[in-house]
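Inspection log for the structure reproduced underneath, given as structure tokens.
In the text below, chain A, chain B and the rest are named by the order of the sequence lines, each starting its count at 1.
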Amino acid sequence: MNVFDEIALALTSAFAALQQEGRLDGALTPDRFSVEPPRDASHGDIATNIAMVYARDLAPGFTSPRQFATEIVTRLGQHPLVAKVDVAGPGFINIRLQHAALAGVLRAALQQKSRFGRPPAHHQPVNVEYVSANPTGPMHVGHGRGAVFGDALAALLEFAGARVTREFYINDAGAQVDVLARSAFLRYREARGETIGAIPEGLYPGDYLKAIGAQLARDHGDALAAMPEKQWLPLVRQAAIDAMMALIRDDLAALNIRHDVFFSEASLTRNASAADQVRAAIDALQARGLIYQGTLPPPKGALPDDWEDREQTLFRSTQFGDDVDRALMKSDGSYTYFASDIAYHADKLKRGFSTMIDIWGADHGGYVKRMKAAVAALSDGKGELDIKLCQLVKLMRDGEPVKMSKRSGEFVTLREVVDEVGVDAVRFMMLFRKNDAPLDFDLAKVIEKSRENPVFYVQYAFARTQSAFRQAAQVFPDLNVAPEALAASDLDLVNHPAELELLRIMAQFPRLIDQAARAHEPHRVAFYLHDLASALHSHWTAGKDMPHLRFVNEENRQLTQSRLALVAGVAEILRTGLALLGVGAPDEMR
RNA sequence: GGCCCCGUAGCUCAGUGGAUUAGAGCAGCCGCCUUCUAAGCGGCAGGUCGCAGGUUCGAGCCCUGCCGGGGUCGCCA
């Protein structure tokens, strides 16, 4: 039950009535107005700007937004959810809901439980691609942010009714996995007793490759050492990639993240049984006249050392808003990463995903335009690709930056952070910031048990709701607190201003879900939960000063049950919201 | 130099279908524990929403330019 949608519906029919009466341009569609909680609570529960938005489209002699608003108000006054309607300011319509409307929200929350807030399912297929790290080492904290963001976004979209596929693109085709293979080979020699000394510049120095070296030594004995590189490289490469992917999956599992599809970049060309999909994608663009042989102007900044003016295979991405056309073939004749990525997205389109979301690190921002251009070209403008960039994570401890050096191979891994502070803290903090804003992650702060730590603050609110039930069980051992019984209790008794405030915030949950899902912004859920938790804490403390406000009233069994209904409703939303973020809702914090 | 992101209270940040008096936390000051977890709550103070124009009846939000910070800049991924 979304009261905002209900009111919007009523406004739409008022709008249509005015059109029928010829007082409003009949060609208009009522899709530009807003129905939202007013900034100032004294303005009521819901405000709309409909009269102001359409004021200029009124029939002659009927032109003032306020006058228009008055017309709508008379029609809205009859609506069963509406208690009071006012015209304010330049033509705002402020609506106060019937108590029964708010009670209805609570009842719906109790009845629908974990489904409360869900819009009607639309079953649109959506592909969310996230993580997509090079399989060359353990995940670091920056990867973790993209991983958590993607996972929460996928859950949010699923909740909002989409059919979501969670996808991981394995970058197992470029030069970097060859470097990985050479690094692993070195560890193999080491494992067989050779002294390898310092890891040469350009190879991965991390200790995590020692295990692979040892495994290779066990599996192949001396055989690899006797081969020329050309022969051992593919063997070692595949073994190393498999081991790295196992490592990465493990890191993800530690964060409760799972993917439906792991898509190998190499499979686009190396899969012997399939045709070369990259070639096919380029051909598809060729058929649209979007491929040509040409030269590009040199880049504006510092010229690369090995720059040479060269004719190459280019995609006309500029026809779709990119700044320059983009190369698809390297000078050695192999495909560029971009070419593979075009084929990959062509594959997603072929699998029926007209809506795609890619989660990338902010350092790939320069790549966005060309990828969108490619999808527009491949789908003839029908495919929709949204690319969310996650900014850097700066690890802190008590306000001091944690030193990290990737070059030496000694960097703080995602796994280390998860092991230190726990899944809930990592996930919540990663989501308690807009994705395109940099994030300071303080290892000390996120495990603090204080209001300064939002993870704790929200979980504590949930724990308090459960505490109220434990308390109630002491006082009224036989009180029926099943959701159905609570939904059937007398909700008119939930009428104190502080209680109504909680109901109003609850009523906003369905709208919040809708907007967060549309905007692809799971952080809104985290902030909403913080607000709801705040209202709960506030009301809870009020019960300390004014015992008659407590949820559990020893002298009034019926009142207690009604108030427990409120508590249960809040708890239900907290639980649902936390679940969307992948964060636990503990019954107690002790 | 081009492109992208960011610039809101002393600090860290919310605020996208433009709108009625711009919000929260921290830090500062003043308060609240014999009773549902004070691991919490209330109050005070604090802002030319980077600057300048523009569109609009109305701009933190849209457009242009500038300033400041970050990212990125044929074949890396």
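For A:Asn49 against B:rU20, no side-chain N or O and base N or O form a donor-acceptor pair under 3.5 Å.
Contacts of A:Ser331 with the nucleic acid, taken as non-hydrogen atoms under 4.0 Å apart, include base atoms. Looking at heavy-atom distances under 4.0 Å, A:Gln312 makes contact with a base. No engagement by A:Arg518 is indicated, since no non-hydrogen atom pair under 4.0 Å with the nucleic acid exists. At a threshold of 4.0 angstrom between heavy atoms, the contacts of A:Gln474 with the nucleic acid are absent.
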(request) Would you sketch RNA chain B in dot-bracket for me? Only Watson-Crick or G-U wobble pairs with both distances under 3.5 Å count, crossing pairs as [ ], other-strand pairs as |, the rest as dots. (result) (((((((..((((.........)))).(((((.......))))).....(((((.......))))))))))))....
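Ion pairing between a basic and an acidic side chain is recognised when a charged N comes within 4.0 Å of a carboxylate O; A:Arg518 and A:Asp514 show such pairing.
Residue pairs meeting the salt bridge (charged side-chain N to carboxylate O under 4.0 Å, His left out) criterion with at least one partner in residues 311-326 of chain A, sequence neighbours excluded, are A:Asp322-A:Arg326, A:Asp323-A:Lys369.
A search for ring pair (Phe, Tyr, Trp, His ring centres under 6.0 Å) contacts involving A:Phe149 returns nothing, not counting sequence neighbours.
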Just the atom pairs and distances: protein N or O near nucleotides 29-35 of chain B's N or O, under 3.5 Å.
{"unit_1": "B:rU35", "atom_1": "O2", "unit_2": "A:Arg550", "atom_2": "NH1", "d": "2.8"}
{"unit_1": "B:rU35", "atom_1": "O2", "unit_2": "A:Arg550", "atom_2": "NH2", "d": "3.1"}
{"unit_1": "B:rU35", "atom_1": "N3", "unit_2": "A:Arg550", "atom_2": "NH2", "d": "2.9"}

Under 3.5 Å, N/O pairs linking protein and nucleotides 42-49 of chain B:
{"unit_1": "B:rG42", "atom_1": "OP1", "unit_2": "A:Ser538", "atom_2": "OG", "d": "3.3"}

Table of protein N/O atoms under 3.5 Å from nucleotides 3-6 of chain B N/O atoms:
{"unit_1": "B:rC3", "atom_1": "O3'", "unit_2": "A:Lys369", "atom_2": "NZ", "d": "3.1"}
{"unit_1": "B:rC3", "atom_1": "O2'", "unit_2": "A:Lys369", "atom_2": "NZ", "d": "3.4"}
{"unit_1": "B:rC5", "atom_1": "O2'", "unit_2": "A:Asp436", "atom_2": "O", "d": "3.4"}

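Ring planes of A:Phe338 and A:Tyr367: perpendicular class, angle over 60° (limits at 30 and 60°).
In this entry the distance linking NE2 of A:His520 with P of B:rG17 reads 15 Å, nearest Å.
Between A:Arg464 and the phosphate of B:rC41, there is no side-chain N or O to OP1/OP2 separation shorter than 4.0 Å. OP1 or OP2 of B:rA77 has not a single side-chain nitrogen or oxygen of A:Trp360 nearer than 4.0 Å.
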